[in-house]
S.K.: 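After the structure tokens below, expect a handful of questions from me.
Since the model is a prediction, treat every value here as computed from it, not as a measurement. Heads up: numbering here begins at 1 and tracks the sequence. Counting starts at 1 for both ligands and their atoms, in listed order.
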Amino acid sequence: MASFVIEGGHSLSGDIYPQGAKNEVLQIICATLLTTEEVTVRNIPDILDVNNLIQLMREIGVSVAKKSIDTYSFRAERVDFGYLESDEFLKKCSSLRGSVMLIGPMVARFGKAMMSKPGGDKIGRRRLDTHFVGIQNLGATFSYNEAREVYEISAERLQGTYMLLDEASVTGTANIVMAAVLAKGKTTIYNAACEPYVQQLCKMLNRMGAKIEGIASNLLTIEGVDELHGTEHTILPDMIEVGSFIGMAAMTQSELTIKNVSHENLGIIPDSFRRLGIKMEQRGEDLYVPAQESFQIESFIDGSIMTIADAPWPGLTPDLLSVLLVVATQAKGSVLIHQKMFESRLFFVDKLIDMGAQIILCDPHRAVVIGHNHGFRLRGGNMTSPDIRAGIALLIAAMSADGISRIHNIEQIDRGYQNIEGRLNALGARITRI
Ligand SMILES: CC(=O)N[C@H]1[C@@H](OP(=O)(O)OP(=O)(O)OC[C@H]2O[C@@H](n3ccc(=O)[nH]c3=O)[C@H](O)[C@@H]2O)O[C@H](CO)[C@@H](O)[C@@H]1O
Ligand SMILES: C=C(OP(=O)(O)O)C(=O)O
């Protein structure tokens with residue numbers, strides 16, 4: 001297990017480029033299985049989850065070529081079914097959550113797939129009912145092999161149908177869409193997730209010859225086609241990284257320019273930080289965050305205490321609540337952070353409390369933060385990162401704190417943030433990997 005040692009109290013300045021979006025690229029790479037032709041993908045981030053998935057694709061038999069530092073081509077002419085059924089493959093999938101999105105394309109193109117319970121963060125239950133029920137609706141059968149603890153999924157040709165999802169699951173929607181594009185007839189998915197990740201996937205599939213309508217809404221209509229073709233695709237900037245950098249600038253009282261953010265795909269993220277009093281300006285393609293002595297949390301119009309809660313897109317992504325929470329510890333005023341989707345994502349606040357933050361954890365979903373208004377600095381601490389976003393939130397806390405902090409289990413941060421210490425040290429941070 002690697003660790004970061006952070007010398008806190010240094011402000012940052014300069015330009016930072018967000019990497020390509022982790023949650024988009026995981027879908028896009030899985031979708032390359034839907035065609036025998038070459039798919040070229042640009043702006044792929046060099047992060048653990050993505051590198052593991054690319055490696056998995058190679059092992060499955062996909063020809064993967066690295067064309068430049070962030071561009072890969074994938075050609076899934078043949079796949080190795082023996083390997084797909086091997087314990088080795090299934091074990092690797094269970095440590096990589098994005099791999100669950102292999103089943104939609106596998107069943108659609110080859111009529112069979114296997115999966116074990118996928119991994120990811122320790123952030124609460126992560127059920128897969130939406131994926132299973134959706135793909136079953138298209139005519140696939142799931143059977144559980146108890147001895148091997150894996151699901152075996154099979155289908156002749158999938159058949160389009162109407163479905164109303166029980167929840168707007170991001171990876172669930174992607175999986176069902178990837179299965180439906182090659183199904184016979186029309187599929188209608190209501191209560192579909194519509195994050196930019198899913199929009200990008202649908203746009204790429206349409207360029208490959210799919211017929212998807214309703215992109216960016218929660219009602220998708222898909223007319224199945226017999227085959228798909230090669231294409232090229234560019235991954236959007238990672239909106240969660242953009243949000244993380246906004247929070248980092250505010251906490252360390254730094255002036256940062258976040259380059260090429262793709263404003264139109266950030267949704268409500270900038271306004272959520274503005275509600276904490278953080279100022280920022282759109283400058284062309286960039287987002288400029290000025291150095292701020294102090295930032296004051298707004299109240300609601302009726303004067304009641306601000307609540308920041310997650311919701312399916314276009315609501316606020318749950319992946320930024322940990323960062324918003326840590327930023328609130330140095331704001332002026334109080335805020336209720338309500339993490340509705342995940343039940344174990346707020347427990348990391350005990351580490352912030354140890355560092356001197358004023359937080360009341362009301363229950364597993366809700367925390368009240370009473371900001372210090374930079375009047376009291378957090379103290380450096382010794383902590384372990386429980387998940388990717390708590391990890392970056394703790395890193396932000398440590399960068400703003402007095403003294404030295406240590407964060408262990410930074411593999412959780414590496415899952416989703418490319419060379420984070422290199423990029424932040426270039427702006428003035430003092431982070432060492434040991
Ligand atoms: C690889 C990937 O893309 N991961 C993202 C994806 O995970 P993933 O697709 O696994 O998450 P889901 O969208 O399925 O659901 C996340 C959680 O929210 C709950 N839920 C979901 C929808 C809803 O309307 N109500 C509700 O309560 C689910 O029960 C689950 O506990 O979406 C999550 C929600 O944005 C993000 O945190 C993850 O970073
Ligand atoms: C929860 C996340 O990732 P995953 O779904 O890959 O666990 C995340 O990106 O915040």
S.K.: Relative to the heavy atoms of Arg345, which atoms of ligand 1 are at a distance of less than 4.0 Å?
M.R.: 37 (O)
S.K.: Using every non-hydrogen atom in the two residues, find where Leu228 and Thr35 come nearest and quote the distance to one decimal.
M.R.: O-OG1, 2.8 Å
S.K.: Are any of the N or O atoms of Asn23 closer than 3.5 Å to those of ligand 1?
M.R.: yes
S.K.: Would you mind listing which atoms of ligand 1 come within a distance below 4.0 Å of any non-hydrogen atom of Thr171?
M.R.: 1 (C), 2 (C), 3 (O), 8 (P), 9 (O), 10 (O)
S.K.: Taking only heavy atoms of Phe342, which atoms of ligand 1 are found under 4.0 Å from at least one of them?
M.R.: 16 (C), 17 (C), 37 (O)
S.K.: For ligand 1, which part of Tyr197 has a heavy atom less than 4.0 Å away: the side chain, the backbone, both, or neither?
M.R.: neither
S.K.: I want to confirm something. Looking only at heavy atoms, which of Met101, Arg389, Met341, Glu343 is nearest to atom 31 (O) of ligand 1?
M.R.: Met341
S.K.: Would you check whether Glu167 has a nitrogen or oxygen atom less than 3.5 angstrom from a nitrogen or oxygen atom of ligand 1?
M.R.: yes
S.K.: Does only the side chain of Arg97 get under 4.0 Å from ligand 1, or the backbone, or both, or neither? Count heavy atoms.
M.R.: side chain
S.K.: For Ile388, take its heavy atoms, then give the atoms of ligand 2 lying under 4.0 Å from any of them.
M.R.: 8 (C), 10 (O)
S.K.: Considering only NZ, NE, NH1 and NH2 on the basic side and carboxylate oxygens on the acidic side, decide whether Arg345 and Asp310 come within less than 4.0 Å.
M.R.: no
S.K.: Which heavy atom of Val198 sits nearest a heavy atom of Val170, and at what distance?
M.R.: CG2-O, 4.1 Å
S.K.: For Lys351 and Thr384, work out which heavy atoms get closest and say how close.
M.R.: CE-O, 3.4 Å
S.K.: When only distance counts, is Asp319 in polar contact with ligand 1, meaning an N/O pair under 3.5 Å?
M.R.: yes
S.K.: Which atom names give the shortest non-hydrogen contact between Ser116 and Val150, and what distance separates them?
M.R.: CB-CG1, 4.0 Å
S.K.: Heavy-atom distances under 4.0 Å decide this one: backbone, side chain, both or neither, for Ser169 against ligand 1?
M.R.: both
S.K.: Please state whether Pro318 comes within less than 4.0 angstrom of ligand 1, counting heavy atoms only.
M.R.: yes
S.K.: Can you check which of Met341, Arg97, Lys22 brings a heavy atom nearest to atom 2 (C) of ligand 2?
M.R.: Lys22
